[in-house]
Amino acid sequence: MEKSKRQYEIMSDHRSEGFWKEDPEGSLAGRHLVSAETFAADDWQASPNRKLSKMMFTIAQEQPERFLELVGYLPFSVQDIFLQYYLLGRTQEQIGELLECGQTAVWQNLRAGITEMARVIAGDEVERKEGEQQKAIVKVYSSSVGSFVLSIDDRSLDLHFSPGTIDGAVRRGE
Amino acid sequence: MLLTQGTGWTSGSRWAMIEVTDESRIEEIVLHIIRWVRKNLEGEPFQLLFPVKNRQIGGVTMDSPYLFMRTKDLHDLENLRGIYGVQGLVKDGKGELVTLSQRWMNKLIARVKGNARDWYCGIRQGSFVRVIYGPQRMLCGEVIKLHRNGMAEVRVGLKVRELRLKAPVKALFNMDHVPKGERNYYYNGE
């Protein structure tokens, strides 16, 4: 039974990916029914989180104005997470450190935010966030990055090699 | 970027070329090499040229497809091949290491250093910039103050907070070519 369920998930994922490429918004809104038995299994495997993230990356890349419009329905703090993660390719750790909330909270907000966007696409009544929020001012000091010659024992060495997300940043115009 | 350990180079010392498997992961590869050096060449003179042409939203663009390294004995570098992302040292048809003179390398190093200067050239108060190093990497903001010691104060306006970053000008990328109406902290063009 366990083997059959896994096969079903694989076929379902494969079909979902196909629908996604044809109609990203419709897929998120759940307009397509998937009949797993119709299609052959393939070896594409991804966790549900990774799949959702790839879907959102595709929207940001292929429909940037729509992506920004959808982001506008999220709470301001979550908007900052989405904009950094998808448009700038900053990692969850980097975002969490900047917003002082931790990587786990960033991940949870990404998932919750995608769910909220799916509701907007499906036509649910969701309030768009307007105006600006009062902002705290945070001062940060970064003294030694940017030197051309660096000792491999330099404490700032790691700061010169910050990683990005798996998919990288969505680049404008691509 | 020129990474170093120790001193004591002779005028005749030569450099080896390292071929990598995937330029898109070059920063990870360089970090792995550094860890290997710390473990296997502890206390010995070593230099690694990481020839970066550009650092932008799309990642690092290399000025050359190779990394360049020198140690007291270049044959010590044969074991680099086992490192993640390293294809191996460049050799000729006879299997001999291809090496480069210090004179040739000085020209390359000068060029790579010039590339880095191009990124922050022209930055002034009011400039739109992108942070390219450190935990605030890729964020964009406005330079609100330039200090004579080479430090800049940058304002980054997120939705929920305003960041006031003090960083070397060398850690910034001049983005003054971006139209004023498109300048925001999440600008993702080059």
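Below, chain A is the first sequence line, B the second, and so on; all start at residue 1. Only this structure's heavy atoms are used, side chains among them; waters, hydrogens and symmetry mates stay out.
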Please output the side-chain donor-acceptor pairs of residues 48-62 of chain B that fall under 3.5 Å, not counting sequence neighbours, one pair per line with the distance.
residue	atom	partner	partner atom	Å
R55(B)	NE	Y133(B)	OH	3.0
R55(B)	NH1	E27(B)	OE2	3.1
Q56(B)	OE1	R130(B)	NE	2.9

Which portion of L99(A) sits near chain B, non-hydrogen atoms under 4.5 angstrom: both
Side chain / backbone / both / neither for E28(B) at chain A, heavy atoms under 4.5 Å: neither
Proximal component of I81(A), with respect to chain B [non-hydrogen, under 4.5 Å]: neither
Any donor-acceptor pair under 3.5 Å from Q5(B) side chain to L41(B) backbone: yes
Residue selection (most heavy-atom pairs with chain B, distance under 4.5 Å) from Q94(A), E97(A), E100(A), E93(A): E100(A)
Selection from V112(B), N184(B), V154(B), L139(B) maximising heavy-atom pairs under 4.5 Å formed with chain A: L139(B)
Side-chain donor/acceptor of R161(B) to backbone N/O of S77(A), under 3.5 Å: no
Greatest number of heavy atom pairs closer than 4.5 Å to chain A - which of G189(B), G134(B), A171(B), C140(B): G134(B)
Nearest non-hydrogen partners of D176(B) and S127(B), listed with the distance: OD2-OG, 2.8 Å
Greatest number of heavy atom pairs closer than 4.5 Å to chain A - which of Q47(B), K113(B), K170(B), E190(B): K113(B)
Flag, side chain of H160(A) to backbone of G146(A), donor-acceptor distance under 3.5 Å: yes
Chain A contacts, top residue of G157(B), G150(B), P135(B), G6(B) (heavy-atom pairs, under 4.5 Å): P135(B)
Heavy-atom pair count under 4.5 Å with chain A, highest-scoring of E153(B), R25(B), M138(B), R155(B): M138(B)
Under 4.5 Å from any heavy atom of chain A - which part of F46(B): side chain
Residue from E19(B), E96(B), E78(B) passing salt bridge (charged side-chain N to carboxylate O under 4.0 Å, His left out) with K91(B): E78(B)
Whether F128(B) and Y187(B) hold their rings parallel, tilted or perpendicular, with breakpoints at 30° and 60°: perpendicular
